[in-house]
Amino acid sequence: MTSVLTSEISLYELVAGSTSVPLAMQVSPVTFKAIMSSLIDLLIEQNEPTSVWVKLPKGGAWQTEFDRYLTRVTSTQQVFCFRNQRDEIPEETSGLEPLSQSQISETIVLPPDSHLRKEYFLLIRSEQFCALLVGQRARTVLRDGNASTTIDDEATEKKQALMAFLIVDPEIVQQAIAYLQPFIPGSEVQSELNAFSPTFANQLLAKHLQRQEDLWQRASTHRRQAELANLLQLQNEELLSTIRLKDEFLHKVGQELRTPLTNMKTALTLLNSPTVKPTQKQRYMDLLSRECDRQSSLITSLLDLVSLDQMVEQTTIQALSLADVVPGVVSTYQPLAEEKGVRLAYTVPENLPAIVCLPTWLKQIVINLLHNSIKFTPRGGQVWVRAKQQGDYIQLEFRDTGIGIATTEIPKIFDRFYRIRQAIDEDAGGAGLGLTIVQKLLLHCGGSITVKSRVGEGSTFNVLLPIYRGQEDS
């Protein structure tokens, strides 16, 4: 049965006007729904003759929550549902299950000018307990000159905060029943309620705390799932980036390997010519030798680069003294420097602190940088290797008076397969992986490298290696 009301009084104002209630709470719709759910849990648990007056906000989530109680309503229980006239919809499309719909004793439709249209409540009365949860949406006003317009749409209803009361005082609850009773045709004012029992308040508080804990647990689970999803997305992006870089790397490797092979094939074809002269034959043989060396250097560098990450995972870094590695490598390159007419010298104090690095890594770093310095320094030039302490690091400096590097090329010299354009002889072009390997090795041991250079004046490579501090650096 459905009845239409033409006038009523604001339930919120009735409660707010009482001198025995605390100040209203400002709560979100989520909190209001959680308190309502706690009351419903208590109703279901008590399972005794009860009268319920209810007006819910629009939305399936609210109705679904109240349906938990409606599906358990018996003949000893009464349910009176209030609804705004504009929200009135046919029963067959109301979203309620047929069984739940049949358990509603009366549906009260409020007219558009009702003071209850912006209020929501759940009023419970039984022989054992009573409670009233009532909330009112604050009005948001848009001012346009002297005019004002109240925002009243569904989106606002879902998000706007509520001013609410939760009452368990039998006297105030009885007053609320008395005001709502005339809205139900044929009903009579019910008898006075029993004295208030603190047991009900304790049960209600326990239910609400348990519900809040459940909500917190679900929120924590959802937050962890969101964090895991973000992590998986980042890992997927990193994987795609790695695959893309790998494809680019393989493409460059193919190009680099093809070049010396093409040159060797050309030289072999020319050597088979019956008209080739001895001087030309020697030049082609020298070309073959250089290209074979270049191919060998490229393959060796590629193998070093590919196996570097696996080597890092299986290795424990120990303390290392520069004096145990650097002088030996410099001495090995002395003959090459003398043959080119380049003066090579080094300064590595014996009392420098140990560094965090593997001997093979440090040796590879010194070889690659020293080789480049000698290779790009013309006859009569000089190359120095110096070491000194700089804060928590040891600085290893490689300085030469070579051809230098153009400012525009310095940011590119650590890229894979990049070779500078200047050259002082035909052997200046290498695999283009030496500096890439140096940078990667330094990254693994916590070091870094910087470059200063001027064309025609030389270059300085500054390597910083962390000082060994004990087990925590291993």
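Here the side chains of Leu320 and Leu362 are in contact, with some heavy-atom distance below 4.5 Å. Within the 4.5 Å cutoff, no side-chain heavy atoms of Val383 are placed close to those of Arg343. Contact of the Leu132 side chain with the Phe165 side chain is not registered, since no non-hydrogen atoms from C-beta on lie closer than 4.5 Å. Proximity of Phe461 to Ile449: side-chain heavy atoms (C-beta onward) are separated by under 4.5 Å at one or more points. Side-chain contact between Val276 and Leu270: absent, with no pair of heavy atoms (C-beta onward) separated by less than 4.5 Å. Looking at heavy atoms from C-beta onward, Leu133 lies out of side-chain contact with Tyr120 at the 4.5 angstrom threshold. Side chains of Pro353 and Ile394 form a contact here, defined as non-hydrogen atoms less than 4.5 Å apart. In this structure, the side chains of Leu396 and Val366 come closer than 4.5 Å at one or more pairs of heavy atoms.
Proximity of a side-chain donor or acceptor of Ser114 to a complementary backbone N or O of Pro111 within less than 3.5 Å is not detected. At least one donor-acceptor pair closer than 3.5 Å links the side chain of Thr332 to the backbone N or O of Gly328. Looking only at distances, no side-chain donor or acceptor of Lys55 sits under 3.5 Å from a matching main-chain atom of Cys81.
Residue Tyr393 qualifies as open at atom OH: its count of foreign heavy atoms under 6.0 Å is 12 or below. Dense packing is recorded around CG of Leu228, with more than 12 heavy atoms of other residues, nucleotides or ligands lying under 6.0 Å away. More than 12 heavy atoms of other shown residues, nucleotides or ligands fall within 6.0 angstrom of atom CZ in Phe66.
Taking CG of Leu358 as the reference point, atom SG of Cys445 lies at 8.0 Å (rounded to 0.5 Å). Put simply, NZ on Lys33 and CD1 on Ile40 are 8.5 Å apart, with the number rounded to the nearest 0.5 Å. How far SG of Cys292 is from CE of Met264: 5.0 Å, rounded to the nearest 0.5 Å. Here NZ of Lys58 is found 12.0 Å from CZ of Arg83. Values are rounded to the nearest 0.5 Å. For the atom pair CD1 (Ile365) and NZ (Lys363), the distance works out to 13.5 Å, reported to the nearest 0.5 Å. Note that CG of Leu464 is 11.0 Å distant from CD1 of Ile355, once rounded to the nearest 0.5 Å.
The aromatic rings of Trp62 and Phe32 are tilted relative to each other, their planes meeting at an angle between 30° and 60°. Between His444 and Trp361, the ring-plane angle classifies as tilted under the 30° and 60° cut-offs.
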Please test Val385 against Thr347 for side-chain contact (heavy atoms from CB on, under 4.5 Å), starting from the C-alpha separation and ending with a verdict.
CA-CA 6 Å; Val385 180; Thr347 302; over 6 Å; no
For the pair Tyr12 and Phe121, evaluate ring-ring contact (aromatic ring centres under 6.0 Å, His included) and give the outcome as yes or no after the intermediate values.
CA-CA 9 Å; Tyr12 180 90; Phe121 54 84; over 10 Å; no
Worked verdict on Asp41 versus Glu45 for side-chain contact (heavy atoms from CB on, under 4.5 Å):
CA-CA 6 Å; Asp41 288 341; Glu45 184 179 288; over 6 Å; no
Test side-chain contact (heavy atoms from CB on, under 4.5 Å) on Leu122 and Ile124 and set out the steps.
CA-CA 7 Å; Leu122 176 62; Ile124 302 168; 4.3 Å; yes
I would like to know whether Leu344 and Val330 meet side-chain contact (heavy atoms from CB on, under 4.5 Å); could you show each step before the answer?
CA-CA 8 Å; Leu344 176 59; Val330 175; 3.8 Å; yes
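Every residue two or more places apart in sequence or in another chain that forms a salt bridge (charged side-chain N to carboxylate O under 4.0 Å, His left out) with Arg386 is listed here: Glu397.
Minimum interatomic distance between Leu116 and Leu11 (heavy atoms only, all atoms of both residues): CD2-N, 3.5 Å. In this structure, Pro29 and Leu162 approach most closely via the heavy-atom pair CA-CD1, 4.4 Å. Gln26 and Ala161 make their closest contact through NE2-CB, 3.9 Å (heavy atoms, listed as atom of the first residue, atom of the second, distance). When every heavy atom of Ser448 is checked against every heavy atom of Leu442, the shortest pair comes out as O-CD1, 3.6 Å. The nearest pair of heavy atoms linking Gln382 to Thr401 is N-OG1, 2.9 Å. Minimum interatomic distance between Val27 and Ala164 (heavy atoms only, all atoms of both residues): CG2-CB, 4.1 Å.
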Report all side-chain donor-acceptor pairs from residues 231-240 shorter than 3.5 Å, counting only partners two or more places apart or in another chain.
none

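At a cut-off of 3.5 Å, with distance as the only test, a side-chain donor of Ser28 or Thr31 sits close to an acceptor on the other residue. When only modelled atom types and interatomic distance are considered, Ser10 and Glu119 share a side-chain donor-acceptor pair under 3.5 Å. Checked by atom type, the side-chain pair Ser37/Glu65 shows a donor-acceptor distance below 3.5 Å. There is a side-chain donor-acceptor pair under 3.5 Å between Arg223 and Ser220.
Among pairs with a residue in residues 454-463, those fulfilling side chain to side chain donor-acceptor pair (under 3.5 Å) read Gln395-Asn462, Ser453-Ser459, at least two apart in sequence or across chains.
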